[in-house]
Participant: 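Would you mind keeping the following structure in view while I ask a few things?
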Amino acid sequence: MDVKSAFLYGRIDEEVYVCQPPGFEDPKFPNHVCRLDKALYGLHQAPRKWYETLSSFLLANHFKRGTIYKTLFFKKSNQHIMLVQIYVDDIIFGSTHESLCKDFESLMKSKFEMSSMRELTFFLGLQVKQTPTGIFISQSKYVKDILERFKLTDCKALGTPMSKTTSLSPDLEGEDVDQHQYRAMIGSLMYITTSRPDIMFTNCLCARFQANPKVSHMLAVKRIFRYLKGAPGLGLWYPRNEDFQFMAYTDSDYEGCNISKISTSGGCHFLGSRIVSWQCKKQSCVSTSTAEEEYIAASSCCAQVIWIQNQMKDYGVELFNTPIQIDNSSAISITNNHVKHSKTKHIDIRYHIIRDCAEK
């Protein structure tokens, strides 16, 4: 659902004055100004005041605020749960019982003027297809739009986003390309990673050269677009009525960066067969061994696991004893060994969180 003129509902506490609107000046006091009682569009306080107004209204009607996402509100009734997710003035909501959705619809209409209300099919660039067997999320329309925007609709499609032999470097001798266009292409691709984990690593690799992009970097970015041209409809499938076992996978490349020799961590998290989170990030320090960089990647993955566990509590799902799959036996041994020795004493203390979590 959408709220009409959402920001105008928020009341402001600060003293803010505006000129009289053109065509509505007071003839008796043409030089006077107006003191604002409610927020206006363009005011810095407007989004925050709208959130305060909406959250106060929901909390007063027996909703609870999420512990992780403060824009998530939920209400439990017997065996059923009602979920409300807010993004500025756009609201998506769902429930395990249809009557709760209708009650929420009536509740919102009693307080705010709503412009539209329908089954979720499109939200912030994400296409959502709901079927009796599950939900499919994709961004095929957005892929088509950016191919047209960067004039790549007639490019030749490829089967992979990156060649196995590609090794990007600063390429100081290479020819410069338009920095603004390069950054725009990276930004567009970054938004697609919302539903496309398959281009996450390649896009993050190309994003490292935004300060001084060369032709070689632009060719790598265009290859991602050619891959999207060949598979625009790929997305995420979330089947219903399957197990909810929480599983995490982590990996890293050793000295993946040609410049700094810093490794790149990667990880993904599944609820049953459904991927719910994925990340790819350059590590903050140089590792002296494959065991160390795998251990650092596992610690980052562990932090994400804890975050998801706490998030799922708001949905009424308790997740404990989450397995983290690591393909390095030395990293596993370091995790289970609390004794400091010469091989591990140089590792930053913040990465040892995984030891405490493994013990618990």
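Residue numbers count from 1 along this sequence.
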Participant: Show your working on salt bridge (Lys or Arg N to Asp or Glu O under 4.0 Å) between Glu105 and Lys109 and close with a plain yes or no.
Facilitator: CA-CA 6 Å; Glu105 181 180 333; Lys109 284 183 175 179; 3.5 Å; yes
Participant: So, applying ring-ring contact (aromatic ring centres under 6.0 Å, His included) with Tyr69, which one of Trp307, Tyr87, Tyr315 is it?
Facilitator: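 With Tyr69 as partner, Trp307, Tyr87, Tyr315 yield a single ring-ring contact (aromatic ring centres under 6.0 Å, His included), made by Trp307.
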Participant: Before accepting this row, confirm whether a basic side-chain N of the pair Glu52/Lys49 lies closer than 4.0 Å to the acidic partner's carboxylate O.
Facilitator: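 Result for this pair is yes, salt bridge flagged.
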Participant: Tell me if the aromatic rings of Phe270 and Phe246 count as close, with their centers under 6.0 Å from one another.
Facilitator: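 Centroid distance Phe270-Phe246: not below 6.0 Å, so no.
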Participant: How about Ser277 and Gln304: does a side-chain donor come under 3.5 Å of a side-chain acceptor?
Facilitator: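 Yes, side-chain donor-acceptor contact under 3.5 Å.
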Participant: Hydrogens and angles aside, do Ser216 and Asp171 bring a side-chain donor and acceptor to less than 3.5 Å of each other?
Facilitator: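 There is such a pair between these side chains.
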Participant: Less than 4.0 angstrom from a charged side-chain N to a carboxylate O is my criterion; do Arg196 and Asp198 meet it?
Facilitator: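 So Arg196 pairs with Asp198 through a salt bridge.
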Participant: Please determine if Arg149 and Asp145 form a salt bridge, counting it only when a charged side-chain N lies under 4.0 Å from a carboxylate O.
Facilitator: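 No, Arg149 and Asp145 are not salt-bridged.
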Participant: Counting neighbours of CD on Glu175 that are heavy atoms of other residues, nucleotides or ligands and sit closer than 6.0 Å, is the number greater than 12?
Facilitator: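 Counting other residues, nucleotides and ligands, CD of Glu175 stays at 12 neighbours or fewer.
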Participant: Check the surroundings of atom CZ in Phe122: do more than 12 heavy atoms from other residues, nucleotides or ligands lie under 6.0 Å from it?
Facilitator: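 Buried by this count: over 12 neighbours within 6.0 Å.
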Participant: Has Lys75 got its NZ or CZ under 6.0 Å from the middle of the six-membered ring of Phe63, at an angle within 45 degrees of the ring axis?
Facilitator: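 The answer is yes; both the distance and angle limits are met.
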Participant: For Ser99 and His97, test the side chains for any donor-to-acceptor distance below 3.5 angstrom and give the result as yes or no.
Facilitator: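 Looking only at side-chain atoms, His97 and Ser99 do form a donor-acceptor pair, the distance falling under 3.5 Å.
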Participant: Roughly how far, to the nearest 0.5 Å, is the CD1 atom of Ile324 from the CD1 atom of Ile354?
Facilitator: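 Rounded to the nearest 0.5 Å, the CD1-CD1 separation comes out at 4.5 Å.
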Participant: Would you find more than 12 non-hydrogen atoms of other residues, nucleotides or ligands less than 6.0 Å from Glu98 atom CD?
Facilitator: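 Not buried by this count: 12 neighbours or fewer within 6.0 Å.
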Participant: Any salt bridge between Asp314 and Arg65, counting N to O under 4.0 Å?
Facilitator: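 Looking at Asp314 and Arg65, the cut-off is not met.
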Participant: Check whether more than 12 heavy atoms from other residues, nucleotides or ligands sit under 6.0 Å from atom NZ of Lys222, and answer yes or no.
Facilitator: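 Counting other residues, nucleotides and ligands, NZ of Lys222 stays at 12 neighbours or fewer.
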